Number of protein chains: 2
Amino acid sequence: MNGNKLPTIKEIAKRLNVSVSTVSRALHDHPGIGLRTKTRVQELARELDYQPNQAAISFKQSKTYTIGVVLPNLKEEFFSEAINGIEEIATGHKYNVLISQSRDDIQREKQIISTMINNRVDGIIASLGANTTSYEHFTTLKKYGIPVVFFDRVPSLPDFNKVYANMNTGTREAIEFLIEKGHRRIGVLNGPEKMRSTHERIETYKQVLIKKRLKIDLGLVTSTDLTREGTHQAMQQLLSQRPRPTAILVINDYIALDAMQYARKQKLKIGKDICFVSYANLPITSYLETPPMASVEQYPFQQGAKAAEILMELIDTPAKEKAQAPETFQNVVINGTLVIHTKR
Amino acid sequence: MNGNKLPTIKEIAKRLNVSVSTVSRALHDHPGIGLRTKTRVQELARELDYQPNQAAISFKQSKTYTIGVVLPNLKEEFFSEAINGIEEIATGHKYNVLISQSRDDIQREKQIISTMINNRVDGIIASLGANTTSYEHFTTLKKYGIPVVFFDRVPSLPDFNKVYANMNTGTREAIEFLIEKGHRRIGVLNGPEKMRSTHERIETYKQVLIKKRLKIDLGLVTSTDLTREGTHQAMQQLLSQRPRPTAILVINDYIALDAMQYARKQKLKIGKDICFVSYANLPITSYLETPPMASVEQYPFQQGAKAAEILMELIDTPAKEKAQAPETFQNVVINGTLVIHTKR
DNA sequence: TAAGACTGCGCAACCGTTTGCGTTCTCAAT
DNA sequence: ATTGAGAACGCAAACGGTTGCGCAGTCTTA
């Protein structure tokens, strides 16, 4: 049907009897090109609906104007919101965003990194899978000169750029809130050992209890592998404690949903027999008749945006880094804050 | 720190004293290369951790092994689940997936298509923004030989490839279910006029009512622009009808959440004073104390996967199409089926 | 032993764009 | 008229990989 030949710079050059270099420069408003030719070129380009071949440019400049994003999944609103933040910054810098889900599977995660290397992305933003404890696939990236910024689920090693929410402030506020509301037996439904946040959360939990002169009962501290079954098991353990906890601090809103579901099945009235406070403050909880009492906002959009900003800076820092100090890593901590949903 | 020079085919050739073409062929297991050289090349490649430069390959072959996905947003589980289906198929075919959100903004949608053209994606999968009624930005793609497959929110024109859920079967089942449960005043909270599904839904609604010899009251049919405010307004209208509807059919689960929220504010008991049935059957509703009575499953994963399969076929059909009949378009319809959540 | 067939590899063009450097032209100043 | 300085543009290489074709060398066969 159509000639199927996309217009190229060459084509324009031929039609106008000028060289390809002139066309290229004219299209870039290069000062060395006269006004007459410049407009002639630009007009013809518009007329032919010329679109520069990004693949060729990427090739020539060895720069793809693409950043990769690796995260566990897109289903959680936390992550899709983080992507919004990333997109916002990236498209503002004329970068494309290549998204891939690791589904908490380290093999997939490695695979994804590998294809991103092949595609020569200019940088990577990552949030670790729940079971990722080794980071070789990320350290490999240094060899290729591909900068990485982690967010939310960040590695526990110091030599990476990270953006994450501080568990301390939010957790402190959450527990103090619960104590203020009269709760004395506060359970914790934590995440996998491997996740950094898990330790921070428990540390702060202990600190606050000690400060408030409350007894610490480790039977009230459980963890889930993030699956629904795991969460139900953990809940079973928590609810079997005597006296039963009157409030539970849950690693995130999604898990809180599972936990609340379990509690309901046990004929417990949520908000009355047992209260929940969790992390993330996702919009979906606002639709619940009995949402968690409060939730620690983690600012996913801001985390994503900040990570993207840092990455953009890193990308725009070429050979200068060598002159720089050996290497410096950014470590941005966002303070989570408690958002209260219901009074009691 | 590092030489920062990525290993190339040239590098390997030089070290082994063979030509680049030999290296290239050896890496591709070309029969014209002897076993000795083949293994020598492959071993050195592994040793140097050689990764082919995808940008160069894309350029040479004018094929990027990337497909673009345009959809309204990632937040809705429907779409993120659809992406899972797309990813599944695409990665199986060694394709990358470039995702962008239009946010129901046609300007953004056009912009996205434009950058995808620049990036020379091999094909596009799209779900239309709520306000998109003109499709020039998609027809432009034909000029570039980029195939497009729509899913879920598809254009109403015939000359496009589409995958979508049939509203008829699911709607019929839903209404019959409600009638069976004794409901006689059934309201409809529909979507924007511009969406194809809106008309299908209302047509089936009327058909079933007529067949069951129930009176059709157009005051019971409203529509929302998908915003929370729009939904609340529509609900206000529905609830002001006399006699008040006892059940409402809602365009999708998210809107149903907004609608139920409004109903609760009006002191109505959900599942007692008023019942809801909606579309999509999203996991989140299973966490509600009072979920919709039933929901029409739309199979987002399958929709995404099917769309991707069609696209893969289209991509692998190059010049053959010319010999083919003028042009043929696939039109896959998936039957939605009712999933019942609560008995009454 | 010479012809033919086959094996194994190299040459070089090509994809579209960018860019350092050189060349030509214009025009003002001498 | 000669010179010199800019202005305006062209030449050609380079980016990394693929591929049609050609050319040696080896082996088989009559």
Side-chain angles (χ1 to χ4, degrees), chain A residues 3-42 44-45 48-65 94 117-122 144-145 318, chain B residues 3-42 44-45 48-65 94 117-122 144-145 318:
Chain A
N4 222 0
K5 278 292 163 225
L6 297 185
T8 70
I9 236 175
K10 240 181 226 170
E11 177 70 16
I12 296 179
K14 200 185 298 173
R15 294 217 198 188
L16 259 40
N17 260 324
V18 295
S19 73
V20 290
S21 39
T22 301
V23 176
S24 174
R25 284 190 254 252
L27 291 174
H28 287 87
D29 236 357
H30 190 281
I33 303 296
L35 187 59
R36 298 187 59 87
T37 28
K38 206 177 274 187
T39 53
R40 279 179 61 208
V41 168
Q42 289 171 350
L44 183 56
L48 295 181
D49 196 21
Y50 166 78
Q51 301 273 27
N53 184 332
Q54 190 58 43
I57 296 175
S58 296
F59 169 52
K60 176 65 164 73
Q61 318 263 309
S62 40
K63 184 150 173 32
T64 53
Y65 287 96
K94 311 269 180 209
I117 291 177
N118 277 20
N119 279 76
R120 303 289 194 268
V121 296
D122 295 331
Y144 292 91
Chain B
N4 222 0
K5 276 292 162 227
L6 297 186
T8 70
I9 233 175
K10 239 180 228 171
E11 176 70 16
I12 297 179
K14 200 184 297 173
R15 294 216 198 187
L16 257 40
N17 259 325
V18 295
S19 73
V20 289
S21 38
T22 301
V23 175
S24 173
R25 284 190 254 255
L27 291 174
H28 287 84
D29 235 359
H30 190 281
I33 302 297
L35 189 59
R36 298 187 59 87
T37 24
K38 205 177 275 185
T39 52
R40 280 180 56 206
V41 168
Q42 289 171 353
L44 182 57
L48 295 181
D49 196 21
Y50 166 77
Q51 301 273 26
N53 183 332
Q54 190 58 44
I57 296 175
S58 296
F59 170 53
K60 174 66 165 79
Q61 319 260 295
S62 41
K63 185 151 174 30
T64 53
Y65 287 95
K94 312 270 182 211
I117 291 177
N118 276 22
N119 279 77
R120 300 291 194 268
V121 296
D122 294 332
Y144 292 91

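Please read all numbers here as calculations on a predicted model, not as lab measurements. Order of the sequence lines sets the chain letters (A, B, ...), proteins ahead of strands, with each chain counted from 1. Just so it is clear, the values below take in all heavy atoms, side chains as well, and ignore hydrogens, waters and symmetry mates.
- In this structure, A:Gln51 atom CD and C:dT17 atom P are separated by 11 Å, rounded to whole Å.
- Residue B:Ile33 is the one, among B:Ile33 and B:Val20, whose nearest nucleotide of DNA chain C lies closer to the 5' end (criterion: closest heavy atom).
- Sparse packing is recorded around OH of B:Tyr65, with 12 or fewer heavy atoms of other residues, nucleotides or ligands lying under 6.0 Å away.
- Taking both residues in full, the closest heavy atoms of A:Gln54 and A:Thr64 are given as NE2-O, 4.3 Å, listed atom of the first, atom of the second, then distance.
- One donor-acceptor pair, N or O on each side, does fall under 3.5 Å between the base of D:dC11 and the side chain of A:Ser21.
- Look at NE2 on A:His30: it is 12 Å from C1' on D:dA7, rounded to the nearest Å.
- One interatomic measurement links the two molecules: NZ of B:Lys10 to P of D:dT18, which rounds to 13 Å at whole-angstrom precision.
- Put simply, the side chain of B:Arg120 reaches to within 4.5 Å of the side chain of A:Gln51, judged on heavy atoms.
- Counting to the nearest Å, the C1' atom of D:dA14 and the NZ atom of A:Lys63 are 19 Å from each other.
- Counting non-hydrogen atoms under 4.0 angstrom, B:Gly34 reaches the backbone sugars and phosphates but no base.
- For D:dG17, its base never sits under 3.5 Å from the side chain of B:Arg25 at any donor and acceptor pair.
- Comparing C:dG10, D:dG17, D:dC11 by their nearest atom to the side chain of A:Ser19 picks out D:dC11.
- Rounding to whole angstrom units, CZ of residue B:Arg120 and C1' of C:dT17 are separated by 12 Å.
- A:His28 places no side-chain N or O within donor-acceptor distance of the main-chain N or O of A:His30, the cut-off being under 3.5 Å.
- Between the CZ atom of A:Phe59 and the P atom of C:dC15 there is a distance of 13 Å, rounded to whole Å.
- Phosphate contact (OP1/OP2 of C:dT17, side-chain N/O of A:Tyr50, threshold under 4.0 Å): present.
- A:Glu11 has its CD atom 15 Å from the C1' atom of C:dT17, to the nearest Å.
- At the heavy-atom level, B:Ser62 lies nowhere under 4.0 Å from the strands shown.
- The two atoms that bring A:Leu48 and A:Pro7 nearest to each other are O-CG, 3.6 Å, heavy atoms only.
- At D:dG17, none of the side-chain N or O atoms of B:Ser24 fall inside 4.0 Å of OP1 or OP2 (strictly under the cut-off).
- Counting non-hydrogen atoms under 4.0 angstrom, B:Val23 reaches nothing in the nucleic acid.
- Atoms CZ (B:Arg36) and P (C:dG8) sit 12 Å apart, rounded to a whole Å.
- Between the base of C:dC9 and the side chain of B:Thr37 there is no donor-acceptor pair shorter than 3.5 Å.
- In this model, a side-chain donor or acceptor of A:Lys60 finds a partner on the base of C:dT18 within 3.5 Å.
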